[in-house]
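Here is the structure we will look at.
In each ligand, atom 1 is the first atom listed, and ligand 1 is the first ligand listed.
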Amino acid sequence: MVSLFFIFFDNYSFYKNVLEVYPLEEGMNIVYLLSLSLVIVLFNIFLFTLVSSKYTIKPILIVIVVVSAFTSYFMDTYHVIIDDLMIQNALQTDLDESLDLLSFKLLLYVLFLGVLPAYLVYRVKLKPLSFKEAIFSKVKLLLGSLLVIVLLLLSFSKFYTSFLREHKPLRYSVNPTYWIYSIGKYISLVANRGEVEFKQIGLDAKISPPNTPHKLVIVVIGEATRADHFSLNGYKRETNPLLKKEKIINFKNFYSCGTSTAVSVPCMFSLYGRDDYSYKKGMATENVLDVINHTKQVAILWRDNNSDSKGVALRVPFEDFKYGDKNTICDIECRDEGMLVGLDRYIEQHKNQDILIVLHQMGNHGPAYYKRYPKEFEKFTPVCKTNQLENCTKESIANAYDNAILYSDYFLSKVIGLLKNYQNSYDTTMFYIADHGESLGENGLYLHGLPYFMAPDAQTHVASLMWFGKNNQHKVDEEKSYSQDNLFHTLLGLFNVKSEVYDEKMDILK
Ligand SMILES: [Zn+2]
């Protein structure tokens with residue numbers, strides 16, 4: 001009954017959002033939405049049954065009903081999403097701020113959606129069951145609801161794929177499922193972060209005098225691109241046909257901070273070097289984007305076609321380009337090139353300002369390398385067309401991987417092309433760094449993520465290069481060994497940011 005109550009009374013925002021995407025009068029939508037509602041009800045039944053027992057069921061349901069009345073109110077009124085950050089915000093809110101949120105409407109919500117149903121739950125008489133009976137009825141309910149969910153998912157698999165993948169934000173307003181999930185996520189985040197206090201750095205950051213001409217910098221974060229598969233680094237195959245035509249600085253010995261996206265991406269933007277970086281410290285300290293942001297003189301934008309920014313862009317504008325609602329260049333998946341669409345407008349909107357744009361690529365994300373490029377980039381064949389890499393020959397894996405590099409070569413040349421349009425009015429720079437490398441079957445190793453000390457060169461020696469506009473050329477020793485530790489200071493140097501956290505010795509361009 002409580003599960004039904006939620007779907008009927010606590011999900012106004014959810015249905016409002018869903019109906020915008022799937023209007024009732026179109027096609028089979030009414031059937032899909034009925035099935036979706038049933039799946040949500042059954043899913044809640046499943047969850048509640050898991051934690052139910054004679055002594056726990058009532059208190060748990062009462063708490064969930066009351067909290068959901070609040071979340072309903074805030075979602076319906078402020079169109080907020082109750083995610084982990086919102087929970088964090090809520091917990092860090094002081095009484096003054098909370099009082100500001102009180103209203104008569106909130107009182108009605110809490111009374112009718114919270115207190116009243118909670119009272120009814122309290123009044124229910126539980127039927128005493130023997131231990132055996134209780135277990136049996138629980139298992140029956142768990143398996144039964146799970147079975148029907150699976151059947152519904154399979155029967156309308158196309159709808160559910162679209163619902164879950166193309167319209168990911170829709171699920172953020174399912175009440176109470178999403179706030180319960182968010183609390184779990186928040187707890188695990190806090191547990192991982194320990195007692196470390198969040199630290200601001202570079203509050204003294206300043207660009208003085210202001211840059212003339214202004215700076216336009218695009219940082220591209222590559223995905224799983226090992227250095228030795230770039231022909232620029234001497235690879236036997238031509239995998240950089242477009243980049244080789246450009247005047248670039250190609251770092252032959254560039255090393256990653258970690259062997260996975262989740263380590264390398266936050267680490268390269270952090271003040272800490274690989275030796276003293278940890279997830280805890282990284283999350284608890286501002287990064288180079290924050291420092292540049294402190295100058296209030298640079299427009300910053302992060303566009304992401306990978307998973308997300310791994311916490312780096314939490315305090316700067318972030319745009320998700322993984323889905324067709326934002327990314328306009330999608331075939332079997334959304335392409336990195338789509339992140340360039342609309343950048344001209346962004347630059348136009350921020351003229352008379354320095355600009356920093358970060359593009360986080362899908363790049364060579366494994367194991368399905370064959371999906372990472374449009375058909376016309378399939379130059380090396382035959383390609384391994386499964387994610388079960390061990391079933392493919394080494395050659396066909398490398399073929400698929402190299403085709404994906406060809407697409408990155410094209411993407412990076414497009415970025416350079418975009419910057420060329422501005423090189424007369426800006427100091428333009430592109431800085432490309434792959435997050436980590438990739439094993440392609442050498443010694444039976446695939447993918448990446450080995451502990452750093454035992455990772456082969458293939459996973460840590462990454463592709464990296466820079467391109468400058470005609471008015472701001474730099475001379476750099478391409479043979480010298482650099483690492484992702486250099487990004488923090490090189491970026492500050494590129495914008496002429498003066499701050500106590502800037503270390504000239506770590507700036508590649510100094
Ligand atoms: Zn990665």
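For the pair Lys281 and Tyr272, the cation sits on the ring face: its NZ or CZ lies under 6.0 Å from the ring centre, inside 45° of the axis. A cation-pi contact links Arg237 to Phe380, judged by a cut-off of 6.0 Å to the six-membered ring centre and 45° from its axis.
At least one side-chain heavy atom of Lys480 sits less than 4.5 Å from a side-chain heavy atom of Tyr482.
Inclusion of His448 in the first shell of the Zn ion (ligand 1) is not supported: no N, O or S atom falls under 2.8 Å. Between the Zn ion (ligand 1) and Ser260 there is no N/O/S contact shorter than 2.8 Å.
How far CD1 of Ile355 is from CG of Leu301: 9.5 Å, rounded to the nearest 0.5 Å.
Rounded to 10°, the angle formed at the Zn ion (ligand 1) by OD2 of Asp435 and OE1 of Glu223 is 90°.
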